[in-house]
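Data block below; observations after.
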Amino acid sequence: MTTKLMGTPVQRVEDQRFLRGEGRYVDDIAVDGRTLHAAVLRSPHAHARIIDIDVDEVLDLDGVHAVWTYDDLTGPMAEPLPLLIPHPALTHGRTQYALARDEVNYVGEAIAFVVADDRYVAEDAVGLIKVSYEFLKPVVGIDNARAAQHLVHEDVPGNIGARLEQNVGDAPAAIAAAPHRLELDLTVERSACMPMEGRGTVARWDADIDRLQVWTSTQTSTGVRAAVAVKLGLDLGQVDVITPDVGGGFGVKIVHPWPEELLVPLAARALGRTVKFTEDRREHFISSAHERGQVHHVEVGFDDDGRLCGLDVEFWHDHGAYSPYGLIVPIITSTQLLGPYKPNNYRVVFESLYTNTVMVTPYRGAGRPQGCYTMERTMDAIAAYLGKDRAEVRAVNFIQPDEFPFDQGLIFQDGRELEYDSGDYPASLEKIKALVGWDEFPAYQAEMAAAGRQVGIGLACYVEGTGVGPYEGAHVHIETSGKVKVATGLTTQGQGHATVFAQLVADELGCRFEDVEVVTGDTRRMPYAVGTFASRAAVMSGSAIHLAAKRAKEKVLKIAADALEADESDLEIVAGVVSVKGSPGSSIDLGTVSVLSNPLRYAFDEASKAATQFSVGDPGRAPVPEGEEPGLEGKDFYSPERATFASGMHAVIVETDPLTAEITILKYAVVHDCGHLINPMIVEGQIHGGVAQGIGGALYERMAYDESGQLLNASFMDFLMPYVTEVPDGIDIDHLETPSPLNPLGIKGAGEAGVIPSAAVFASAIEDAEGFSITAMPISPSELFALRQQRAEEKS
Amino acid sequence: MKFTGDAVLHAPVDRVWSAILDPTVLVRTIPGCERLEATGENAYAMTVTAGVAAIKGTYSGSCALSDLDEHSSLMMKLQGAGAPGTIGADVAVGFVDGGDGTTTITYDADAVVGGMVGGVGQRMLSSVSRRMAGEFFANLDAVLTGTAATVAAPGAVAVGAPVTLSETPSGAAVFTAPARTGGVSSQDDLLKGIAVGAGLVLLGVLAGSLLGRRR
């Protein structure tokens, strides 16, 4: 047998291409001079009525091919964009028009779409369009949205898009009866995904065959395909959507269709030319999507050991001007907040509120960072109140390994029960304590204090539902060359799918790893797919690919057994060669099996000559036996009953400067359990990336909206992101592998994990260093400094 | 698609009516009109270079007038086709004497647009139309008020750049525009041209209001 590749740190096959600058992103498609370029006129006002749009001055600009406004849209295009994920609690869902009809509700909302010879001309034309507005009162921030003095949408009372409550037991009663009670108010600010590559779409209409090809930087090609077909009045079969290399998604690109994803294909068809739109950075800030902004109120009752008796959480979610992605983010917060704990009695209620800011949709972690922060702040508060060790208080509340599957009694984001399939939280806690030096820390802290230095340690635990349905599929095709072509429909944004999926195929099929080529996100190759989000690619497509490879293998063995006159059970496939176990001389390679799988009438080379109907098959039988198909292929789908729950714990040691309040990371440790690892190097890469993004979310990133709804830091000059200088040199990682019983590989998702506990773990560590509570994240040195002063004033 | 509009000209209705049927006026006043050929009674073939950006191009068209009710109304059937697309329209043109030496021309059109020109966007077409209409009626008004440069002979309308009058092999009159220098002469005996001019302008105007709706 060959060595299994599953679980080994196979080098990423994509990196040569990326590191040499040979990645092919949407903007690299259709670079010929014939391509037309689009630019979008966006609202400079957060809330206004459009009185008039005057394009007279554009007439004097050469090279403009089209200027469209709402009035140019007809049929389904003139209707609001889809509300992608409806929910009964979303009583007042609102979505924008592809081009604003008569009102704009955030700075950045698309008003006019210009197509020109190049982007320079297109932007010049945008600058010549004059729009007259009647200003309306903007609603910015959760407080103003709740106060509802002004409304974002006239027909949405109280600015409340949705209110959802879930109950397990009777939390208010349990809290009232508990030996101890605490209340906390916790805030998390807005941030955004900020992929290196923004949004982008290229479309080409082939009038000769009535067919549209769209290249778009998305997390769901099939979703875009369906939306484009419906909005343009095309049959699904007339539309191909291809997702080339994507320079980061992190959630924002699961939203679809963006106005430009519809307008670019529409323009390509109307103008008969290839049309391209490439989003610039400011556009990404003001017209894509944000997340995170929430305010939470917690009431908790607990016993002398810190064990939860009841937990009552109310929170307010700022979903911006529109709600196309439904309630996914607040539902995840409200359910995943529980983490590895048993609350015994739990009540959670949220209101999802409209504001005149860019919309909110999932950003890596998708509501979990806020939930984890809320729960973990509560755990720390309980420990502080009781004077207990923070790790101990957590431990008494853990779901125990023998309690799985554990039903939390709630409905999760996929509409299924929040039932944890597996995990071992006590073991994780032991590992993280050892990794960070938890028990030794008090001595270290005292030692540092003696030297005039302030250090603190933080701990945060989370559980993450990964690999949500409904399904993914895969197609495995063994060519006559012996090469194995694999297609799965979800898209790739740098995760290393071409590597890990090839590992799975090589393992199952017995082919050589280097003979496997993986294609993702191309609806021509796999028209049935869902998308890449919720840490689901490895679980969903990984499982589907494994199953499809298994099907291909079954066919290989059947044909090879015939050819080798052996029993299928006596065959093995190693390095692309099928042989009879114990007699290596009796063998046939996969390419030849592929030749035999397809009886030919016409020969075009030596190999095909061997496969003509005169050479193969039993003359007494049909060339393709009943129930069989020509060709050596395997196709299958994976559709799990429910999500599988990964978990982990982070710990951090920070130092805070006594004078400047600068926050420095001294040590960062991660224990992670995503079941069986396909490629530990890639999992660690995901964790590193997640931690880096989490550090940004905890210490730097925020969306600085002023009271009139202008985003003041909409550039990389002003929006702080962690550079390599802000990310610790080494992140200590330890893995625990509790396999998922829900899929054939025993895997769980790992894509978002690194970012989930960041706000929680930093708040915990800074609080430990400073000795006063931290209730609003992210926190900057200035804010920490202000808190110190406030604290000093309160004391004196 | 219906489209309506009007323009006030500073001349009594009989002069406007006369002027509007004059191809030599027409060929000078229609923005971008290069050639006008009489193909029958009150029927013309014409070549117009018009539009901006993507819809800029040379359009070959025809215009036929019918239901002439002197000094009051006429019907115009227009067809235009060029690389950027096609335009067809039936236009009811009305003349209202203001009684103060002015005449208001009204137009009420039903038009169909096809091809690339449909993709440029409704507001762009409106702007093109407004601009072309403004230019046409200004030219026409200049002719009627005599503020345009006068010329020596009928059929030659601009100083130093006469309209060329020739005949096709079949004997049809062909009017060719000179290089543009400004307005046109005051000619009040060949009215038909104006209707064609108004029609052509309408091509743009109507297109503007309906193209966006036709994809």
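Computed from a predicted structure; not experimentally measured. Throughout, a chain's letter reflects where its sequence line sits, starting with A, and its residues are numbered from 1.
- Note that the CD1 atom of A:I129 and the CE atom of B:M124 stand 8.5 Å from one another [nearest 0.5 Å].
- In terms of heavy-atom proximity, B:G119 sits nearest to A:A66 at O-CB, 3.2 Å.
- Within a 6.0 Å radius of CZ in A:R282, other residues, nucleotides and ligands contribute 12 heavy atoms or fewer.
- Remark: A:E154 CD is loosely packed, at most 12 non-hydrogen atoms of other residues, nucleotides or ligands lying under 6.0 Å away.
- Checked by atom type and distance alone, the side chain of A:W68 never pairs as donor or acceptor with a backbone atom of B:R123 at under 3.5 Å.
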